[in-house]
Novice: 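Just passing along the structure, written as structure tokens.
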Amino acid sequence: MQQTAKAATVPVIVLLGAPGAGKGTQAQRLVERYGMVHVSTGDMLRAAVAAGTELGRLAKQYMDAGALVPDEVVIGIVRERLMSADVQERGVLLDGFPRTLAQAEALAEVLPGVNLPSPTVVDLKVSDDELVERLSTRRMCRSCGAIYNLRYDGLDVGDACPKCGGEVYQRDDDKPEAIRERLRVYHAQTAPLIEYYRQRGQLVEVEASGTPEEVGEVVMAALVRPVGG
Ligand code: AP5
């Protein structure tokens, strides 16, 4: 009974925003500061691809093309993750989920079932031109998932990650054709969630074209109430 009361007070944050808006970058800062569990559906799917699991083989064909993995697959993995003890204890930051109306509705149904509160949804707003620029210059660490950018970190494919020594690589879906398709899919399927959450009074809109540090300050200020920071 005691555990139930505690779980209901932990934060549930959703980072909404187009590909390249800075969800992963801000997520890393937020979990460092507030300690909630970072649940990135993109990271989970990439891990499944790297491990060569059945889920990974299924997801890869969608991801490489810049398309969304089917709702029922993604909803299933998120539902399972939300039931785990660490999420119940520390709360959760959802990065890249939900990104369709069906996913948003599934989340609204799942959260009360696992005794978690409704999410506060942060929409990171960036122009399409800047998104293309950020994605085509992004590099990541294959081992620890750290996110870099050629424009200000100077790291390129094959370099060692300064954080863990892992290999720096370019994501397959950060090639021009996949980037264009991801933006098209975002505008068609994910952008409508902005209005969905606005109507429910759960939306915080953040102008996210500044530096990662500037955006981080604005996001944290906007979240003072939900995370109690
Ligand atoms: P996912 O991994 O979620 O990719 P995404 O949503 O396309 O987002 P990104 O990771 O590309 O960008 P980001 O917003 O995290 O930006 P980042 O911080 O890295 O999904 C990948 C694929 O998996 C999907 O296409 C789909 O196939 C599948 N998938 C995942 N979730 C799914 C779901 N729920 N349903 C169905 N399918 C799903 O920043 C980008 C770059 O910009 C970096 O280089 C960074 O250093 C730089 N940067 C960040 N902030 C700033 C700033 N303020 N100024 C300048 N540069 C910045």
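In each ligand, atom 1 is the first atom listed, and ligand 1 is the first ligand listed.
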Novice: Of Arg182, Arg99, Met63, which has the heavy atom at the shortest distance from atom 20 (O) of ligand 1?
Specialist: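 Looking at heavy atoms only, Arg99 sits closest to atom 20 (O) of ligand 1.
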Novice: Between ligand 1 and Glu214, can you find any atom pair, the residue atom being a heavy atom, that is separated by under 4.0 Å?
Specialist: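 No; Glu214 lies far enough from ligand 1 that no heavy-atom distance drops under 4.0 Å.
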Novice: Show every donor-acceptor pair shorter than 3.5 Å between a side-chain atom in residues 94-107 and any protein atom, with sequence neighbours excluded, or say none if there are none.
Specialist:
unit_1, atom_1, unit_2, atom_2, d
Asp95, OD2, His38, NE2, 3.0
Arg99, NH1, Gly96, O, 3.2
Thr100, OG1, Asp71, OD1, 2.9
Thr100, OG1, Asp71, OD2, 3.4
Thr100, OG1, Gln103, N, 3.1
Gln103, OE1, Arg99, N, 2.9
Gln103, NE2, Asp71, OD1, 2.9

Novice: Is the shortest distance from a heavy atom of Gln26 to ligand 1 less than 4.0 Å?
Specialist: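 In this structure, Gln26 fails to qualify as a contact of ligand 1 - no heavy atom is under 4.0 Å.
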Novice: Are Asp153 and Arg139 ion-paired here, with the side-chain N under 4.0 Å from a carboxylate O?
Specialist: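 The answer is no: the pair does not qualify as a salt bridge.
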Novice: For Arg139, is at least one N or O under 3.5 Å away from an N or O on ligand 1?
Specialist: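 There is no such contact.
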Novice: Distance check, rounded to the nearest 0.5 Å: Tyr169 atom OH versus Asp174 atom CG?
Specialist: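 It is 8.5 Å, given to the nearest 0.5 Å.
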Novice: Give a yes/no on ligand 1: does Ala65 have at least one heavy atom closer than 4.0 angstrom to it?
Specialist: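 No, that is not the case, since the closest heavy atom of the residue is not under 4.0 Å from the ligand.
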Novice: Numbering the atoms of ligand 1 from 1, which are under 4.0 Å from a heavy atom of Asp173?
Specialist: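 By the 4.0 Å cutoff, the relevant atoms are 21 (C).
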Novice: Are Pro11 and Thr120 packed together at the side-chain level, in the sense that at least one heavy-atom pair is separated by less than 4.5 angstrom?
Specialist: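 Pro11 vs Thr120: side chains apart.
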Novice: Measure from atom 54 (N) of ligand 1 to every heavy atom in Lys60, Arg134, Glu133 and give the option owning the shortest one.
Specialist: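 Of the listed residues, Arg134 has the closest heavy atom.
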Novice: Out of curiosity, is Tyr152 lining ligand 1, as in a heavy atom under 4.0 Å away?
Specialist: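 Judged by the 4.0 Å heavy-atom criterion, Tyr152 does count as contacting ligand 1.
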Novice: May I ask whether Gly17 places a heavy atom under 4.0 Å from ligand 1?
Specialist: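 It does not; every heavy atom stays at 4.0 Å or beyond.
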Novice: Out of Ala67, Gly24, Gly42, who is nearest to atom 26 (C) of ligand 1 when you count heavy atoms only?
Specialist: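 That would be Ala67.
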